[in-house]
Amino acid sequence: MTKNIFVLGLDDHNHAALRALPGDHRFHPLLSLEQLTQGELDMPALLAQAEQQLDSFDGTVDAIIGYWDFPVSSLVPLLCEPRGLPHAPLEAIVRCEHKYWSRLEQRTVVPEVVPNFAEIDPDAPHIPDGLSYPLWLKPVKAFSSELAFRVTDDEGFREAMEEIRQGAGRVGEPFQWIMDRVPLPPKVAEAGGTAGLAEEEGQGRQLTVEGYVHGSQPYIYGVIDSDCYPGTSSFLCYEYPSRQSDEVRERLIELTERVITQVGLDNTAFNVEYFYDPQKDSLLLLEINPRHSQSHSALFESVDGRTNHDAVLRIALGEEPVHSRNGEYAFAAKWFLRHFTDGYVRSVPSQEEIERIQERIPGLHVEIVAQPGQWLSELPGQDSYSFELADVFVGADSPEEAERMYQECKDALSFDIQDADHD
């Protein structure tokens, strides 16, 4: 019998990945990605609209899933609970996504990998006592890496806090609506959804541990390496499988199992981000995301033979996820082609150009992010220091081959961007 799966913020790329999974499933969009990521987030209205769509559906609602950050991650349990569908506890979702609460939980069980941190009022005149520069300042809740600033002095601190003060409410106020629905520790309740978080900087290569919890048991299915553009915090590429040693991967898995158990996640996928400093052989936990990373889905499909959407779908249907590593390639990477100043997009590579490149380089797939006729600063979900022009996915026999394929593709892609300071 066909199962009806409703997907919050369903987009074309991930719809294709979901349809490729084994099983008799029909996937239905539930609210648009634009509704869930752009403009003001009216949580009662979003919830009511989603409820109405589900209630008016002429058929069974067999699962509700999502692969985006807030508000999707919070809407899934709110929509699943009244229908008796498997879902993560809302309290555990908030415990992970409120950056200050998450740090408090992490410090309880894995203090050795938690940096010095402090909640900070947006009107604070200086950094909290006990912290020193360089620091990262961010809201306790925001989209992706929006409003995350690296600061090295008092002037940078004041400028970053002004940005956070002006922008934290767009996500923090709707997030407060969710926070009001779960029991909160006094410190977290006092901070609320629009406070800031200051924490000392981590060093090293970023590693991401992906897994899921089912029946209260965490299971790790992959470790991804992430590289940044030199001298920046903007991602250059993701690589899978990790090239770290067995010993480092084992430490990551053990730490992740402890912290995931502590925060109380269940019936959900997750990814936990770390910094690894090979000079010091030290790990530092960056954050816990109570969802899988759709940005990694193509990597898992290339190497494991199925995307990481598969575990999410099976858990949502009350099934046990399946594990395999029988993909077409031994190694996969996702590269981010970026521009580091604002600019007006005059033109981007045509579909015909992209198809010619993909025919010339088997194992490569290109997705254009920037669109003609817009400013790069109008792109949603960007970090504080760069703008994404295109994503390049590569399946290869080795890391060296993957990089060669990306460089060849990069050289062939033509963007015409007029920088903001150019007349």
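Keep in mind the model is a prediction, meaning the values are calculated, not measured. As a basis for the values below, the full set of heavy atoms in this structure was taken, side chains included, without hydrogen atoms, waters or symmetry mates.
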- line: Hits for ring-ring contact (aromatic ring centres under 6.0 Å, His included) against His292, two or more places apart or cross-chain, chain-then-number order -> His309

message: Is the positively charged end of Lys334 above the ring of Tyr238, judged by distance under 6.0 angstrom from the centroid and angle within 45° of the axis?
response: no

- request: Is it possible for you to check whether Arg103 lies under 6.0 Å from the centre of the six-membered ring of Trp101, through NZ or CZ, and within 45° of that ring's axis?
  value: no

field: Test item: side-chain donor near acceptor, Asn267 and Tyr212, under 3.5 Å
entry: no

message: For Glu239, is there an ion pair with Arg205 - N to carboxylate O distance below 4.0 angstrom?
response: yes

task: Give the intermediate values and the outcome of side-chain hydrogen bond (donor to acceptor under 3.5 Å, both in side chains) for residues Gln244 and Tyr276.
output: CA-CA 9 Å; Gln244 305 305 313; Tyr276 175 62; 5.3 Å; no

- prompt: Are any of the side-chain nitrogens in Arg170 or Glu40 under 4.0 Å away from the carboxylate oxygens of its partner?
  reply: no

message: Check this for me: does any side-chain nitrogen of one of Glu199 and Lys99 sit under 4.0 Å from a carboxylate oxygen of the other?
response: no

task: May I ask you to decide if the ring planes of Phe27 and His15 are parallel, tilted or perpendicular, using 30° and 60° as cut-offs?
output: perpendicular

task: In plain terms, say whether Glu400 and Arg404 are close enough for a salt bridge, that is, a side-chain N and a carboxylate O under 4.0 Å apart.
output: no

message: Quick one about Ser386 and Ser234 (side-chain donor to acceptor, distance below 3.5 Å, no hydrogens or angles considered), yes or no?
response: yes

query: Will you find, in the side chains of Ser102 and Gln106, an N or O donor that is under 3.5 Å from an N or O acceptor?
result: yes

message: For the residue pair Gln407 / Asp411, report whether a side-chain donor-acceptor contact shorter than 3.5 Å exists.
response: no

query: Can a donor-acceptor pair be found between the side chains of Asp277 and Gln203 at a distance below 3.5 Å?
result: no

query: Is any NZ, NE, NH1 or NH2 atom of the basic residue among Asp55 and Arg83 found under 4.0 Å from an Asp or Glu carboxylate oxygen of the other?
result: yes

query: Taking atom types as modelled, is there a side-chain donor on His214 or Asp266 under 3.5 Å from an acceptor on the other?
result: no

query: Is any NZ, NE, NH1 or NH2 atom of the basic residue among Arg181 and Glu81 found under 4.0 Å from an Asp or Glu carboxylate oxygen of the other?
result: no

task: Could you check whether the rings of Phe300 and Tyr240 sit parallel, tilted or perpendicular, using 30° and 60° as the cut-offs?
output: tilted

message: Check for me whether the distance between the ring centres of Phe393 and His13 falls short of 6.0 Å.
response: yes

- request: Going by the side-chain hydrogen bond (donor to acceptor under 3.5 Å, both in side chains) test, name the single residue among Asp69, Asn271, Thr208 that passes it with Asn289.
  value: Asn271

- request: Would you sort out whether Phe70 and Phe175 count as a ring-ring contact (aromatic ring centres under 6.0 Å, His included), showing the intermediate values?
  value: CA-CA 8 Å; Phe70 179 82; Phe175 189 61; 5.2 Å; yes

task: Answer yes or no: is there an ion pair linking Arg338 with Asp391, defined by an N-O contact shorter than 4.0 Å?
output: no

field: Check against ring-ring contact (aromatic ring centres under 6.0 Å, His included), Phe340 and Phe387
entry: CA-CA 6 Å; Phe340 284 85; Phe387 307 98; 8.8 Å; no

message: Under 3.5 Å, is there a donor on one side chain and an acceptor on the other for Gln382 and Glu146?
response: no

- request: Mind listing the closest non-hydrogen atom pair of Asp310 and Pro22 along with its distance?
  value: OD1-CD, 4.3 Å

message: Is there a salt bridge (charged side-chain N to carboxylate O under 4.0 Å, His left out) between Arg158 and Glu162? Walk through the geometry before answering.
response: CA-CA 6 Å; Arg158 288 189 293 270; Glu162 178 60 26; over 6 Å; no

